[in-house]
Colleague: 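Mind having a look at this structure? Questions to follow.
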Amino acid sequence: MRHAPYGRSLAREGLDALMASAVFDQDLSLLFINDGVFQLKESQNTESIRQKNLEKMLAALSLYGVNDILVDQQALEQRQLSVEDLSLPVITLSATEIADLFQQQHVIFQF
Amino acid sequence: MRHAPYGRSLAREGLDALMASAVFDQDLSLLFINDGVFQLKESQNTESIRQKNLEKMLAALSLYGVNDILVDQQALEQRQLSVEDLSLPVITLSATEIADLFQQQHVIFQF
Amino acid sequence: MGSPYSTQSVETGYRFSEAALSSGHQIYRIFFYHDGVHCANSLSTPPQDEDNLPELWQQLTTQYHVDVVVCVASALKRGILDQKEAERFDKDHFNLTEPFELSGLGQLIDASAHSDRVITFAS
Amino acid sequence: MGSPYSTQSVETGYRFSEAALSSGHQIYRIFFYHDGVHCANSLSTPPQDEDNLPELWQQLTTQYHVDVVVCVASALKRGILDQKEAERFDKDHFNLTEPFELSGLGQLIDASAHSDRVITFAS
Amino acid sequence: MVLNIINKSPFSHSAFSECLAVLGDNDRVLLIEDGVYAAQADTEYAKTITALAGNNQFYILQADAQARGIADRINHDVQAVDYTQFVELTTVCNVVHSWY
Amino acid sequence: MVLNIINKSPFSHSAFSECLAVLGDNDRVLLIEDGVYAAQADTEYAKTITALAGNNQFYILQADAQARGIADRINHDVQAVDYTQFVELTTVCNVVHSWY
């Protein structure tokens with residue numbers, strides 16, 4: 001997840017694809033980088049922009065068996081976000097760890 | 001014009017709007033900033049990507065009475081482009097001159 | 001100019017227009033250009049918990065008698081046709097919502113000349 | 001995933017697919033997601049000097065028997081319907097080009113599992 | 001007086017920086033959609049805004065800040081507006097310039 | 001080995017810089033569409049590419065460079081490919097990652 005929520009529908013459609021993937025029991029890793037980390041910001045209230053609340057969609061991930069949420073440490077720092085600002089518990093990764101993670105994948109979808 | 005040609009259709013549709021404007025005899029200024037200056041790069045050959053050649057569209061501007069082509073000097077420098085690299089004669093502007101130009105407009109369309 | 005359901009700009013433009021009209025301002029014309037033309041697609045069928053943007057535009061602009069014009073060049077290549085264009089190009093179907101009208105860029109230029117302010121909601 | 005006539009990604013994806021198929025590679029499936037669903041709009045009517053992208057996709061994938069699937073959730077909200085969906089939602093018209101088929105995201109996941117490589121052409 | 005509207009995140013797109021480079025005296029800047037992230041306190045962009053806030057006024061569309069969960073951490077030099085105030089802003093300024 | 005594909009201008013979008021920050025040893029980078037502007041010689045991005053070119057290989061889609069009139073000023077550390085070579089690149093690498 002590399003894109004901010006709401007401005008474009010990429011985050012929403014990425015989560016849809018992720019859930020479909022989880023339903024079909026695919027082994028997957030979920031990583032938030034760049035503005036994608038804003039998807040994890042707590043206290044999202046989307047009533048007045050009339051979009052589906054992504055914070056609630058993310059909260060449902062554990063029901064789909066997606067438990068490990070990986071986050072780019074540097075992306076958080078650059079945005080003045082700490083892990084306490086996020087709506088879910090996460091595992092932070094360094095740039096090197098992210099590079100390694102990409103190497104291990106069979107397929108990469110970026111949203 | 002702030003966007004590069006071809007990757008998105010903004011440049012193309014911006015030029016369409018510009019020509020319509022000129023046809024209706026509107027008094028207009030045409031300014032290229034940021035990646036928009038790439039629209040002016042000479043030697044564009046779009047055959048293999050099958051899109052309308054914007055260099056040719058730009059060349060036709062003088063027929064529409066659009067003669068002054070204004071360009072952000074700094075945008076050119078940052079992209080290692082000199083006025084000799086461009087397909088048309090241009091007038092270069094500083095950041096201050098650009099700010100002044102915006103103040104004088106009744107309507108601003110950015111493409 | 002943005003695409004509904006892909007960018008927020010359509011929703012923002014709608015909320016802005018609603019606020020302007022309900023506080024007594026006049027809107028001379030709303031011109032749909034670039035991907036904005038998809039706002040006029042009568043076949044849009046969003047899920048029940050999401051706004052039906054073509055329908056919302058239709059209601060708002062009918063209520064306040066606002067002229068809504070879709071750029072014909074942008075629309076044709078993106079597959080938004082009224083009945084007349086569908087017949088001209090030998091298509092069995094069409095999908096332009098009423099009261100949207102297909103017309104040329106001249107309508108944008110005309111509106112710019114006749115309005116105090118022109119505001120773009122872009123993708 | 002990009003929108004035809006708005007982003008180059010559809011053209012790039014097409015050229016890539018053509019090169020892959022003509023050099024003997026197999027394409028298991030092409031999945032149209034997000035704004036990519038507009039590629040299946042049968043009403044697209046580009047000017048004569050521009051590619052008709054829905055038609056080109058149709059020809060290429062028919063020639064090489066490639067499965068072309070349009071994400072049904074993305075398509076419905078963006079106004080791309082087949083005859084069955086049009087009837088279900090009481091619309092008089094529909095606009096899905098043959099041989100494109102509306103189906104769910106499961107088809108993307110299935111294709112990912114059955115392919116050596118998955119490549120995204122995004123806007 | 002120009003009302004500049006920015007709808008892109010400053011972390012991902014150059015629109016914010018470019019707009020600020022060509023501001024005139026007394027121009028206004030309204031941050032909407034993903035543009036609101038530029039108004040978060042304590043980021044590098046907050047410093048840029050604060051430096052310009054003497055000559056220029058900065059606004060943020062409140063609905064967009066709330067949606068993104070950042071309404072309670074907005075830079076003090078940025079003023080929250082609703083859609084009606086957004087409309088008023090476009091009438092107060094002479095011309096509107098959307099950056100995207 | 002990851003094949004990274006970038007289709008956005010480095011002057012306007014952060015995709016190029018972000019991708020390069022997480023490259024693995026021996027990863028490859030293909031610049032397409034507006035991404036080709038990163039391959040122009042003598043810009044700040046040319047220096048970044050040249051610094052990484054020992055460990056990583058950089059490619060550019062020739063059709064896109066020609067369309068934009070920059071095919072004759074490409075950084076020497078970047079190799080031009082056609083669509084068929086693009087296909088081959090995706091088979092040589094283990095996984096493809098599109099940045100946009």
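Note that these values count all heavy atoms, side chains included, but never hydrogens, waters or copies made by symmetry. Everything quoted here is computed from the prediction, not taken from an experiment.
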Colleague: When rounded to the nearest 0.5 angstrom, what distance separates CZ in D:R78 from OG1 in C:T45?
Modeller: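 That separation rounds to 12.5 Å.
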Colleague: Could you report the tightest heavy-atom contact between D:S42 and C:K91, atom names first, then the distance?
Modeller: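 That would be O-NZ, 2.8 Å.
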Colleague: Would you mind checking which part of D:E50 comes under 4.5 Å of any heavy atom in chain C, side chain (CB onward), backbone (N, CA, C, O), both or neither?
Modeller: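 D:E50 touches chain C through side-chain heavy atoms alone.
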Colleague: I'd like to verify something: which residue of C:N41, C:N95, C:L53, C:N52 has the highest number of heavy-atom pairs under 4.5 Å with chain D?
Modeller: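 That would be C:N41.
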Colleague: Give, as side chain, backbone, both or neither, the part of D:S74 having an atom under 4.5 angstrom from any heavy atom of chain C.
Modeller: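 For D:S74, there is no contact with chain C at all, as no heavy atom is under 4.5 Å.
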Colleague: Could you check whether the rings of D:H93 and C:H93 sit parallel, tilted or perpendicular, using 30° and 60° as the cut-offs?
Modeller: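 Perpendicular.
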Colleague: Can you establish whether the number of heavy atoms outside D:Q26 located under 6.0 Å from its atom CD is more than 12?
Modeller: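 Open.
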Colleague: Please round to the nearest 0.5 Å and tell me the distance separating atom NE2 of D:H34 and atom OG of C:S6.
Modeller: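 Reported to 0.5 Å precision, the distance equals 4.5 Å.
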Colleague: Does CD in D:E98 sit with more than 12 non-hydrogen atoms of other residues, nucleotides or ligands closer than 6.0 Å?
Modeller: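 Count not over threshold, so no.
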Colleague: Distance from D:I80 atom CD1 to C:L43 atom CG, nearest 0.5 Å?
Modeller: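 Atom-to-atom, D:I80:CD1 and C:L43:CG are 8.0 Å apart.
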Colleague: Would you say D:K77's side chain and C:Y5's backbone share a donor-acceptor pair under 3.5 angstrom?
Modeller: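 Pair absent, no side-chain N/O of D:K77 close to backbone of C:Y5.
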Colleague: Between D:P47 and chain C, which part of the residue has a heavy atom less than 4.5 Å away: side chain, backbone, both or neither?
Modeller: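 Looking at D:P47, just its side chain touches chain C.
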Colleague: Less than 4.5 Å apart, any side-chain heavy atom of D:P46 and any of C:L76?
Modeller: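 Counting from C-beta outward, D:P46 and C:L76 never come under 4.5 Å.
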Colleague: How about CD on D:Q59, more than 12 heavy atoms from neighbouring residues, nucleotides or ligands closer than 6.0 Å, or not?
Modeller: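 Yes - once you tally the heavy atoms of other residues, nucleotides and ligands closer than 6.0 Å, there are more than 12.
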